Number of protein chains: 2
Amino acid sequence: MTKIDDVARLAGVSTATVSRALRGLPTVSAATRRRVLAAAEQLDYEVSPSASRLAGGRTGTVAVVVPRITRWFFSTVVEAVEEFLHESGYDLLLYNLGGREQIRQRVLRTANLHKRVDAIMLVATPLRPADLTALASLDLPGVTISSGTRVPNWPCVRIDDVAAARTATRHLLDLGHRRIAHISGDPDDELAFTTHLDRRRGYQEELRAAGMQPDPSLDVESTFTIDGGNQATAELLARGEPPTAIVAACDEMAMGAMTALRDAGLRVPQDVSVVGIDDHDLAGVLGLSTIAQPAAEQGRLAARMLLDPLGAPSLGPIVGQRTPGCDTPVMLPTRLVVRDSTAPPRAH
Amino acid sequence: MTKIDDVARLAGVSTATVSRALRGLPTVSAATRRRVLAAAEQLDYEVSPSASRLAGGRTGTVAVVVPRITRWFFSTVVEAVEEFLHESGYDLLLYNLGGREQIRQRVLRTANLHKRVDAIMLVATPLRPADLTALASLDLPGVTISSGTRVPNWPCVRIDDVAAARTATRHLLDLGHRRIAHISGDPDDELAFTTHLDRRRGYQEELRAAGMQPDPSLDVESTFTIDGGNQATAELLARGEPPTAIVAACDEMAMGAMTALRDAGLRVPQDVSVVGIDDHDLAGVLGLSTIAQPAAEQGRLAARMLLDPLGAPSLGPIVGQRTPGCDTPVMLPTRLVVRDSTAPPRAH
DNA sequence: CTGAAAGCGCTTACAG
DNA sequence: CTGAAAGCGCTTACAG
């Protein structure tokens with residue numbers, strides 16, 4: 001392995017100068033820089049990350065924490081984030097919580113992340129008070145995506161979940177539906193995962209704006225998954241007269257709903273309309289009407305907001321600066337995408 | 001930040017002993033170990049990864065390279081691998097190639113990975129000869145999942161793609177189909193991504209075994225995606241009399257095929273049967289018959305084969321030992337899952 | 001079983 | 001703009 005001394009010797013300068021030249025610091029003359037770069041190139045030199053980190057105190061690495069990488073929203077966000085990070089010279093350490101509480105604790109509460117990364121991105125990760133304390137003591141810059149708990153001084157990128165659910169509900173109202181059900185997730189989750197709460201609120205607000213009272217018997221809780229949508233819908237149908245339309249809190253639940261309806265012999269949209277939120281990769285294949293949210297864009301933007309104050313991974317010390325005014329989440333727009341799963345209710 | 005000296009002082013031993021005790025090395029007396037652990041606990045001590053790596057030469061990190069994290073197979077593999085790695089004390093560095101050739105080069109050909117990870121996992125990553133040379137000079141242990149290029153001395157976990165496609169084709173033959181089309185991917189990819197080639201071979205072999213000649217006009221190439229399946233099927237339909245059944249090289253292509261058929265006014269399975277390979281999360285929702293492959297299990301097994309020779313991340317030097325007999329890929333079984341997308345052809 | 005000392009390969013004040 | 005020297009926080013022979 002060639003090391004910095006080899007480069008220094010070949011270029012006829014000190015290792016300090018090699019270090020500066022290679023990192024593009026401005027305090028190196030053009031001629032010297034050229035010589036150093038040539039030497040490094042010739043020797044095929046790559047800096048040792050461990051040594052650089054130990055000496056410089058920066059890791060050039062970002063931790064990205066997601067609940068489940070297999071779900072559409074999270075894999076889409078991670079793909080966009082990965083591209084941005086690597087283009088910026090950062091490595092991505094992936095943490096997939098996967099519902100395992102012990103992993104959550106190990107990642108968030110121990111000093112595990114400390115000394116390991118320069119910054120943290122939390123995607124839709126609900127936090128307990130103890131988690132917040134742990135994160136605060138880590139004293140690292142970070143960003144959150146989607147709802148979940150806000151972390152003091154960390155910016156947040158998300159959509160307006162209330163508005164998204166309102167748009168979905170309004171779409172059904174506009175089509176003439178009055179018996180509109182809602183299926184959502186995480187009933188016994190005491191964590192502050194607010195997405196489903198916000199979306200329920202939007203559903204209820206829009207009904208009320210139309211002069212209607214939300215009917216609790218048409219509002220079923222389950223989990224934020226295909227299976228959850230399936231079960232919630234089955235439960236809904238078991239309760240008696242089916243609704244003419246369903247607002248699902250996410251596309252995956254909507255897909256489960258479509259399956260349950262099919263299994264019950266009901267046609268979509270002739271018997272029951274279904275609208276989701278997300279615009280999942282497969283929404284088109286299924287003809288699912290939905291409220292599209294820009295997942296990749298949220299990832300890219302959050303990555304940018306995270307890295308901007310950090311600068312290049314190996315350029316001088318980290319500026320402790322926090323983005324000012326990051327108390328207001330950045331909200332990205334959503335839009336209604338009408339496909340084949342929604343239609344006017346049948347005439348009585 | 002508390003460091004190893006603080007622990008040493010509190011425990012009344014040398015830093016060398018702290019290091020040994022904390023890593024569970026056997027050459028520490030039980031009493032000393034207890035004292036050290038208590039001190040570390042009391043001080044909330046966490047080893048500095050950078051320092052440990054620099055001094056010990058191990059990174060406790062594995063690079064996982066996937067083509068596209070947003071696709072079902074890859075996110076499922078990564079989820080399983082992530083769990084295994086973290087449970088074993090390793091970090092996961094994610095590289096999502098995303099079709100960007102320059103990224104492939106940066107990841108595989110430069111010494112980028114060197115000094116950064118202890119081992120590499122390549123998931124369905126095709127390699128050019130130059131990539132193989134670069135990997136060889138990295139001299140790191142590794143493992144490959146799925147087909148793609150074999151790397152000398154690296155074990156490989158996969159399914160038998162030829163057999164999977166044969167089973168899919170036989171299923172259609174058993175139902176009475178004779179006009180069976182095949183859609184697959186990567187037509188102008190000179191890389192050695194062999195999955196689609198193997199699956200085509202299986203399709204053809206099974207037809208021949210049934211005494212039939214594969215009809216080139218029923219074999220369309222596109223890309224390994226939903227969109228690719230859609231386009232390939234549209235192309236197939238444009239060629240004239242539709243087939244009575246389609247073998248898609250993966251579920252995502254099958255989903256695209258279902259969309260194209262629907263758009264063309266053809267019903268599945270009444271007019272055309274469709275069978276895929278994968279057992280994608282959404283195959284059930286779509287009623288897609290398919291050949292299920294164990295994605296998570298391939299990930300777990302590959303992670304285990306990768307880590308076994310490495311031992312715990314901070315336990316002594318890496319043993320250069322390569323699993324013997326790793327020249328034969330480990331093949332995991334697949335199985336036919338019949339749903340609603342396949343049925344006997346209509347009587348003429 | 002334990003410790004003193006060297007060394008891992010860089011970066012960073014500091015001085016010039 | 002550049003260099004000599006200290007130091008980042010561990011692990012590892014080596015010696016006992």
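Letters go in sequence order (proteins before strands), and every chain restarts at 1. Source: prediction; values computed, not measured. What you see below is based on every heavy atom in this structure, not just the backbone, and it leaves out hydrogens, waters and symmetry mates.
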Colleague: If you check the B/S29 side chain, which of C/dG9, C/dC1, D/dA4 turns out closest?
Modeller: C/dC1
Colleague: Would you kindly give the CD-to-C1' distance between B/E46 and D/dC10, to the nearest whole Å?
Modeller: 14 Å
Colleague: Has B/R58 got a side-chain N or O lying under 4.0 Å from the OP1 or OP2 atom of C/dC8?
Modeller: no
Colleague: Would you kindly compare B/R20 and B/S48 by the position of their nearest DNA chain D nucleotide and give the one closer to the 5′ end?
Modeller: B/S48
Colleague: Nearest to the side chain of A/A16, which nucleotide is it out of D/dG9, C/dA4, D/dG3?
Modeller: D/dG3
Colleague: For a side-chain contact (heavy atoms from CB on, under 4.5 Å) check, start with the C-alpha distance between A/L138 and A/I120, then their side-chain angles and the critical distance, and finish with the verdict.
Modeller: CA-CA 10 Å; A/L138 240 44; A/I120 306 176; 3.8 Å; yes
Colleague: CG/A/N96 to CZ/A/R71 distance, rounded to the nearest 0.5 angstrom?
Modeller: 11.5 Å
Colleague: To the nearest Å, how far apart are A/D6 CG and C/dG9 C1'?
Modeller: 11 Å
Colleague: Look at all strands and tell whether B/T27 reaches a base, only sugar-phosphate, or nothing, counting heavy atoms closer than 4.0 Å.
Modeller: base
Colleague: Is any side-chain N or O of B/T15 closer than 4.0 Å to OP1 or OP2 of D/dC10?
Modeller: no
Colleague: Determine: side-chain N/O of B/S19 to OP1/OP2 of D/dT11, distance under 4.0 Å, yes or no.
Modeller: yes
Colleague: In whole angstrom, what separates A/R116's CZ from D/dG9's C1'?
Modeller: 14 Å
Colleague: Quickly work out the B/D5 CG to C/dA4 C1' distance and round it to whole Å.
Modeller: 13 Å
Colleague: Expressed as a whole number of angstroms, how long is the span from B/K3:NZ to D/dC10:P?
Modeller: 8 Å
Colleague: Name the closest nucleotide to the A/K115 side chain, picking from C/dG3, D/dC10, D/dA4.
Modeller: D/dC10
Colleague: Find the partner of C/dG3: check Watson-Crick (N1-N3 plus N6-O4 or O6-N4) and G-U wobble (N1-O2, O6-N3) distances, both under 3.5 Å, and reply none if neither fits.
Modeller: D/dC14
Colleague: Check each of A/L135, A/T133, A/T144 against A/L127 using the side-chain contact (heavy atoms from CB on, under 4.5 Å) test, and report the only one that passes.
Modeller: A/L135
Colleague: Taking for each residue the nucleotide of DNA chain C bearing the nearest heavy atom, is the 5' side occupied by B/T17 or by B/A51?
Modeller: B/T17
Colleague: Please determine if A/R9 and A/D6 form a salt bridge, counting it only when a charged side-chain N lies under 4.0 Å from a carboxylate O.
Modeller: yes
Colleague: Give the rounded distance in Å between these two atoms: CG of B/L54 and P of C/dA6.
Modeller: 17 Å
Colleague: Rounded off to whole Å, could you give me the CG-to-P distance for the B/L25 and D/dA13 pair?
Modeller: 12 Å
Colleague: Side chain of B/V13 only, heavy atoms from C-beta on: which candidate in D/dT11, C/dG9, C/dG3 is closest?
Modeller: C/dG3
Colleague: As a test of reading the structure: which of D/dC1, D/dC8, C/dC10 is closest to the side chain of A/T32, going by heavy atoms?
Modeller: D/dC1
Colleague: Could you check whether A/R53 gets within reach of a base, just the sugar-phosphate, or nothing at all, counting any heavy atom under 4.0 Å?
Modeller: nothing
Colleague: To the nearest Å, how far apart are B/R9 CZ and C/dG3 P?
Modeller: 14 Å
Colleague: Where the side chain of B/S14 is concerned, which of C/dG3, C/dT11, D/dG3 is the nearest nucleotide?
Modeller: C/dG3
Colleague: Can you tell me how far apart CD1 (B/I69) and CG (B/L97) are? Round to the nearest 0.5 Å.
Modeller: 11.0 Å
Colleague: Specify the closest pair of heavy atoms between B/S50 and A/R53, including all atoms of both residues, with the distance to one decimal.
Modeller: OG-CB, 3.3 Å
